[in-house]
Amino acid sequence: MHLLRPVVATFSLWAIAAFMIAAAGLPQMHPQCYSDSPTGGRVCPLHRDPVLTHLFDVRWPSVSEAVTVSVILVAMLLGITVLGAVLLLLGLLGLRAFLGALRRRYSRHLRREHLREHGNRTVARITCLGWQQAYQNDDAVFTLTAQFSTKEGIRSVTDELCVPRKDAPVLGGTVVVIHDDEAGHPTSIDVLLEMDPDGLRDPNALEKYPPAPEASPS
């Protein structure tokens, strides 16, 4: 709503300027005359067609040249000023969104580092496994759900796991869940998943999961 008002004001001012230009220019136009560019004069036929003579006649009263020029200049200057304000507002909104995204990304980075340094590592069993058909640095990206025991009972977590194809997990295998006592973290990162060094691997992984496609040449 705050952005709509200056946009409407900009269009209104430019519409006023365009109308005044038309009001000043149309009475000076004649469909049967043209400008003689080498001399700068105006050439009109000797016998004019009466039907075309009044084609560009206007019904608004004549306005002095000083008033016309003043209104046009003021409207255009104000229109440019409001347009500049709109562009400035858009720039500030874009900067605000960029800084917000940067803060969220940095917060997620700090959350991951905190879990890696201070989180508990628990071996959990894989109960659901899915391949996203996606890769990260030539490694396959999986989405899996794992369950492990806590003081409150069985906890189930779901997250992504990025591993080389030959180390692809298998349903019923195990992973290491890095977690703490905090759930519903503002960064949406409650746990991290790592491969269990002693866990099972899919023996058919290289046949089941194709290698990452080659990057297209730039």
Side-chain angles (χ1 to χ4, degrees), residues 1-4 6-7 85-218:
M1 188 65 181
H2 296 292
L3 185 60
L4 182 61
V7 171
V86 171
L87 294 177
L88 178 61
L89 179 60
L90 289 175
L92 292 176
L93 291 176
L95 179 61
R96 178 184 177 184
F98 172 76
L99 293 177
L102 196 62
R103 284 193 298 268
R104 289 190 296 270
R105 184 172 181 177
Y106 185 61
S107 297
R108 291 172 66 86
H109 167 73
L110 292 179
R111 172 61 174 166
R112 291 190 184 97
E113 291 301 314
H114 174 78
L115 285 175
R116 290 190 181 101
E117 293 180 6
H118 306 288
N120 301 315
R121 283 171 164 79
T122 305
V123 176
R125 185 163 302 279
I126 300 173
T127 59
C128 184
L129 175 66
W131 179 44
Q132 296 186 4
Q133 297 188 7
Y135 300 88
Q136 181 178 333
N137 298 327
D138 295 333
D139 293 340
V141 180
F142 297 90
T143 299
L144 59 84
T145 300
Q147 291 183 349
F148 58 98
S149 299
T150 65
K151 297 178 181 179
E152 291 76 18
I154 300 298
R155 182 179 178 184
S156 180
V157 296
T158 301
D159 202 359
E160 292 183 353
L161 180 67
C162 181
V163 294
R165 292 165 50 235
K166 62 182 180 61
D167 295 329
V170 64
L171 192 63
T174 55
V175 290
V176 175
V177 178
I178 307 175
H179 62 96
D180 54 15
D181 296 331
E182 187 170 359
H185 194 270
T187 61
S188 301
I189 300 177
D190 292 331
V191 299
L192 297 177
L193 298 182
E194 291 182 353
M195 285 300 301
D196 181 7
D198 302 322
L200 297 176
R201 303 291 190 270
D202 190 340
N204 302 316
L206 295 180
E207 291 77 19
K208 187 183 298 183
Y209 307 112
E214 296 182 1
S216 59
S218 58

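Bear in mind the structure is a predicted one, so any value in this text is a computation, not a measurement.
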Walk me through it: do Leu206 and Lys166 pass the test side chain to side chain contact (heavy atoms under 4.5 Å, CB included)? CA-CA 6 Å; Leu206 295 180; Lys166 62 182 180 61; 4.2 Å; yes
For the student: nearest non-hydrogen atoms of [X] and [Y], plus distance:
X: Asp167; Y: Arg201; result: O-CD, 3.5 Å
X: Gly199; Y: Thr174; result: CA-OG1, 3.4 Å
X: Pro197; Y: Val176; result: CD-CG2, 4.4 Å
X: Ala205; Y: Arg165; result: CB-O, 3.1 Å
X: Val191; Y: Asp159; result: O-OD2, 3.1 Å
X: Cys162; Y: Val141; result: SG-CG2, 4.2 Å

Take His179 and Leu115 through the test side chain to side chain contact (heavy atoms under 4.5 Å, CB included) and record every step on the way to the result. CA-CA 6 Å; His179 62 96; Leu115 285 175; 5.6 Å; no
Would you compute the distance between atom [atom1] of [X] and atom [atom2] of [Y] and round it to the nearest 0.5 angstrom?
X: Leu102; Y: Leu95; atom1: CG; atom2: CG; result: 10.5 Å
X: Leu93; Y: Phe98; atom1: CG; atom2: CZ; result: 15.5 Å
X: Asp196; Y: Leu200; atom1: CG; atom2: CG; result: 9.0 Å
X: Glu113; Y: Leu192; atom1: CD; atom2: CG; result: 9.5 Å

Contact list for residues 138-157, test salt bridge (Lys or Arg N to Asp or Glu O under 4.0 Å), sequence neighbours left out: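 Pairs touching residues 138-157 that pass the test: none.
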Would you say [X] and [Y] make side-chain contact, with heavy atoms under 4.5 Å?
X: Pro169; Y: Asp202; result: no
X: Leu144; Y: Thr158; result: no
X: Asp180; Y: His114; result: yes

What pairs with Tyr209 under ring pair (Phe, Tyr, Trp, His ring centres under 6.0 Å), at least two apart in sequence or on another chain?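 Only Trp131, Phe142 meet the ring pair (Phe, Tyr, Trp, His ring centres under 6.0 Å) criterion with Tyr209.
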Which residue pairs satisfy the side-chain hydrogen bond (donor to acceptor under 3.5 Å, both in side chains) criterion with at least one member in residues 91-106, sequence neighbours excluded?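 Qualifying pairs: none.
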Take Val177 and Leu193 through the side chain to side chain contact (heavy atoms under 4.5 Å, CB included) test and state the conclusion after the steps. CA-CA 5 Å; Val177 178; Leu193 298 182; 3.6 Å; yes
Is a donor on one side and an acceptor on the other found under 3.5 Å between the side chain of Arg111 and the backbone of Thr187? no
Determine, step by step, whether Glu194 and Val175 satisfy the side chain to side chain contact (heavy atoms under 4.5 Å, CB included) criterion, reporting the C-alpha distance in whole Å, the side-chain angles of both residues, the deciding distance to 0.1 Å, and the verdict. CA-CA 6 Å; Glu194 291 182 353; Val175 290; over 6 Å; no
Quick one about Thr143 and Gln132 (side-chain donor to acceptor, distance below 3.5 Å, no hydrogens or angles considered), yes or no? yes
